[in-house]
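Some notes on the structure that comes next.
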Amino acid sequence: PLRDAVGKVAVEEGEGGTSPPLAPAGAGLEAPQQLSGQRSPTTTGADRAVGGRITDEGAQRYRLRGRHLEAAAGQSGLADVEVLLFPSFSISIQALWETALTGEIFEKIWASLSILVVGYVAGLFLSAVLLIIAVMSRIGGDILSTLTAMFQPLPAISLLPLAMLWFGLGAPSLIFVTIHSVLWAVTLSTLTGFMAVSETLRMVGRNYDLRGIFYISKILVPAAFSSILTGLKIGWAFAWRTLIGAELVFGALSGKGGLGWMIYENGDNLDTEYVFAALFTVILVGLLVENVIFRNIEMKTVNKWGMQR
């Protein structure tokens, strides 16, 4: 306790002749004995050992942290930049490798992607429903154009406070904002592609007496697939960054969170190298989806059909 520490300091000063010692807590009637210059037995032994052990543990923790920062500073090529704010590339890669060995980074990726896939698929389904209504009815088309103009400029992350009030702190709130980020981007791009379909192709569909779903699937979708694919890419990018941003606010689902929560948690603990490791992972996942999934779809459709070089 603080009073015992003050008593110890006072006793040591009293032995040096600078000031009379103070009685530690719990000394009771033994105070006159301490006034004679004798050290109280209650301030020695186990109390002194416990205090020394606590001090040594705290000092060791900070020494380890200092050695880590010193090593990072030695590897950093930016001498004028604080290592705690901007660790070197090698330190960040080492942190990424450590999280990969422990499996932590894969758990974070799975937590984020599982939410993203649900929101992305739900957004595509709602977009398809709205587009079918818009194609089959002129009034539906006007309503969809108005809704798209209203909600497309609205950032999905701005709806997060409402989502937390409506659905609470959990996966439904994240799915809600993800759906919003996907829905209007895909709908706007697809609707623009449908409107750009030539009148000749539309007349071919009418000659074959295609209506409703068959007219959309046989005529409009193939003719506007380039715009649809662009909308899918934009919707994916919007959904991915919206999800990461929402997880920065809250991401602990049943004690676990995604990549956004990992960024926030390590930033709050000043573990900057792990923040950069999570950022690298966000970039790598985006590149993987873009160059593996969408690139293959693009090569097998619009490039093969000669619609895009």
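If you're wondering where the values come from, they're calculated on a predicted model, not measured in any experiment. Any value given below was found using the heavy atoms of this structure, including those in side chains, with hydrogens, waters and symmetry copies removed.
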*Under the 3.5 angstrom rule, does the side chain of N296 hit a backbone N or O of V292 as a donor-acceptor pair?*
yes
A185 and I234 have their tightest heavy-atom pair at CB-CG2, 4.0 Å
OG of S227 to CG of L191, rounded to nearest 0.5 Å, is 10.5 Å
- Message: Are V129 and L183 linked, directly or through intermediate hydrophobic residues, by side-chain heavy-atom contacts shorter than 4.5 Å (ILVMFWY only)?
- Response: yes
Here the pair of heavy atoms bringing V282 nearest to L259 is CG2-CD1, 3.9 Å
Exercise. Considering residues, nucleotides and ligands other than Y208, do more than 12 of their heavy atoms fall under 6.0 Å from its OH?
Worked result: no
Sorted by chain and residue number, the side-chain hydrogen bond (donor to acceptor under 3.5 Å, both in side chains) partners of D209 (sequence neighbours excluded) come out as R211
Sidechain-backbone polar pair: S112 side chain, I109 backbone, donor-acceptor under 3.5 Å:
no
message: For residues W240 and L284: do they belong to one hydrophobic cluster (side chain heavy atoms under 4.5 Å, members Ile, Leu, Val, Met, Phe, Trp, Tyr)?
response: no
#### Entry: Sidechain-backbone polar pair: S137 side chain, A134 backbone, donor-acceptor under 3.5 Å
no
inquiry  = With a 4.5 Å cut-off on side-chain heavy-atom distances among I, L, V, M, F, W and Y, is there a chain of contacts connecting L131 to F238?
reply    = no
With sequence neighbours left out, the residues meeting ring-ring contact (aromatic ring centres under 6.0 Å, His included) with F225 are W305
CD1 of I143 to CZ of R138, rounded to nearest 0.5 Å, is 13.0 Å
The complete set of ring-ring contact (aromatic ring centres under 6.0 Å, His included) pairs with one or both residues in residues 119-153, sequence neighbours excluded, reads F151-W184
query: Are more than 12 heavy atoms from other residues, nucleotides or ligands located less than 6.0 Å from atom CG of L288?
result: yes
Check: Is a donor on one side and an acceptor on the other found under 3.5 Å between the side chain of T230 and the backbone of S226?
Finding: yes
Taking S189 for its side chain and V186 for its backbone only, find out whether a donor-acceptor pair lies under 3.5 Å. no
#### Entry: salt_bridge(E290, K233) N-O dist < 4.0 Å
yes
dist I133:CD1 -> L144:CG (nearest 0.5 Å) comes out at 8.5 Å
Residues A163 and V177: closest non-hydrogen pair is CB-CG1, 4.4 Å
Are E298 and K304 close enough for a salt bridge, meaning some N to O gap below 4.0 Å? no
Check: Honestly curious: do I283 and I91 fall in one hydrophobic cluster under the side-chain, below-4.5 Å linking rule?
Finding: no
- Do T187 and T148 meet the criterion of a side-chain donor-acceptor pair at a distance under 3.5 Å? no
Would you check if there is a donor-acceptor pair between the side chains of E98 and Y274 at a distance under 3.5 Å? yes
### Message
Counting only heavy atoms from other residues, nucleotides and ligands, does the tally under 6.0 Å from CZ of F176 exceed 12?
### Response
yes
message = So does G260 get a backbone contact from the side chain of E247, meaning a donor-acceptor N/O pair under 3.5 Å?
response = yes
Nearest heavy-atom approach of G286 to W236 is CA-CZ2, 4.0 Å
